[in-house]
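Structure first, then comments.
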Amino acid sequence: MNSLRILLEGNDDQRFIDNVIVPYISQIKPSMILTIKYAEERKVDVDKTIQKLDAKNHKYILLGDYDSSDDCITLKKEDLIDEFNHLNKDVIFIVKD
């Protein structure tokens with residue numbers, strides 16, 4: 001079974017995934033989507049999770065919030081990479097409301 005892990009920050013992101021992404025993806029290809037709220041975890045634990053996902057070749061993305069204090073999306077991605085050492089820039093998606 002194909003599955004996708006989504007690392008997200010909090011409850012707003014969870015509602016978005018549950019109400020928009022899951023129904024959309026389910027129409028295209030039935031799959032299982034697992035979410036991980038990384039903002040509630042210790043940084044070292046999130047980094048270990050990323051390493052495990054990479055080691056097992058699991059598909060995953062990380063959603064980051066674009067805050068008004070952020071200069072640009074590229075810098076936000078770089079901040080996340082600095083925060084989580086094993087994070088690949090290609091799996092980061094910045095959400096702007």
Side-chain angles (χ1 to χ4, degrees):
M1 176 187 291
N2 291 332
S3 65
L4 173 67
R5 275 81 171 163
I6 302 176
L7 290 88
L8 47 87
E9 284 193 43
N11 293 331
D12 290 339
D13 296 327
Q14 183 72 58
R15 282 190 292 278
F16 174 74
I17 297 300
D18 291 344
N19 294 315
V20 177
I21 301 299
V22 170
Y24 177 76
I25 290 176
S26 296
Q27 290 177 9
I28 297 170
K29 182 176 181 183
S31 63
M32 185 168 58
I33 297 176
L34 305 171
T35 58
I36 302 165
K37 292 182 184 175
Y38 67 85
E40 297 176 358
E41 302 291 329
R42 295 181 320 152
K43 291 177 187 179
V44 65
D45 293 333
V46 175
D47 212 36
K48 285 180 186 178
T49 298
I50 291 168
Q51 284 181 285
K52 288 177 186 177
L53 292 172
D54 285 336
K56 294 180 180 181
N57 291 321
H58 286 299
K59 295 178 183 176
Y60 70 95
I61 62 174
L62 183 136
L63 298 181
D65 290 338
Y66 181 86
D67 301 315
S68 59
S69 62
D70 295 324
D71 292 328
C72 70
I73 290 175
T74 302
L75 289 177
K76 176 64 176 184
K77 285 185 175 186
E78 290 173 2
D79 288 345
L80 287 166
I81 291 168
D82 289 342
E83 189 171 351
F84 307 115
N85 298 326
H86 294 90
L87 186 60
N88 180 324
K89 67 178 172 130
D90 295 333
V91 302
I92 303 171
F93 292 85
I94 304 303
V95 180
K96 183 176 179 182
D97 50 2

By side chain to side chain donor-acceptor pair (under 3.5 Å), which residues pair with [X], not counting sequence neighbours?
{"X": "D12", "value": "R15"}
{"X": "H86", "value": "D47, Q51"}
{"X": "D18", "value": "Q14"}

- [ ] For Y60, check ring-ring contact (aromatic ring centres under 6.0 Å, His included) against everything at least two apart and list the hits.
- [x] none

Say you draw a straight line from [atom1] of [X] to [atom2] of [Y]; how long is it, rounded to the nearest 0.5 Å?
{"X": "R5", "Y": "K56", "atom1": "CZ", "atom2": "NZ", "result": "8.0 Å"}
{"X": "T35", "Y": "L4", "atom1": "OG1", "atom2": "CG", "result": "10.5 Å"}
{"X": "K48", "Y": "F84", "atom1": "NZ", "atom2": "CZ", "result": "14.0 Å"}
{"X": "I36", "Y": "L53", "atom1": "CD1", "atom2": "CG", "result": "5.5 Å"}

Open item on the list: Are L75 and Y66 linked, directly or through intermediate hydrophobic residues, by side-chain heavy-atom contacts shorter than 4.5 Å (ILVMFWY only)?
Closed with: no

Open item on the list: Grouping I, L, V, M, F, W and Y whenever their side-chain heavy atoms are under 4.5 Å apart, do I50 and V44 come out in a common cluster?
Closed with: no

TODO: Can you tell me which residue pairs pass the salt bridge (charged side-chain N to carboxylate O under 4.0 Å, His left out) test with a partner in residues 33-42, sequence neighbours excluded?
DONE: R42-D45

Task: Under 3.5 Å: donor-acceptor pair, side chain of K76, backbone of D65 - done: yes

Open item on the list: Between T74 and E78, is there a side-chain heavy-atom distance shorter than 4.5 Å?
Closed with: yes

Task: Nearest heavy atoms of E9 and Y38, plus distance in Å - done: CG-OH, 2.9 Å

- [ ] Please determine which of I92, L7, I94, I17 meets the side-chain contact (heavy atoms from CB on, under 4.5 Å) test together with L63.
- [x] I17

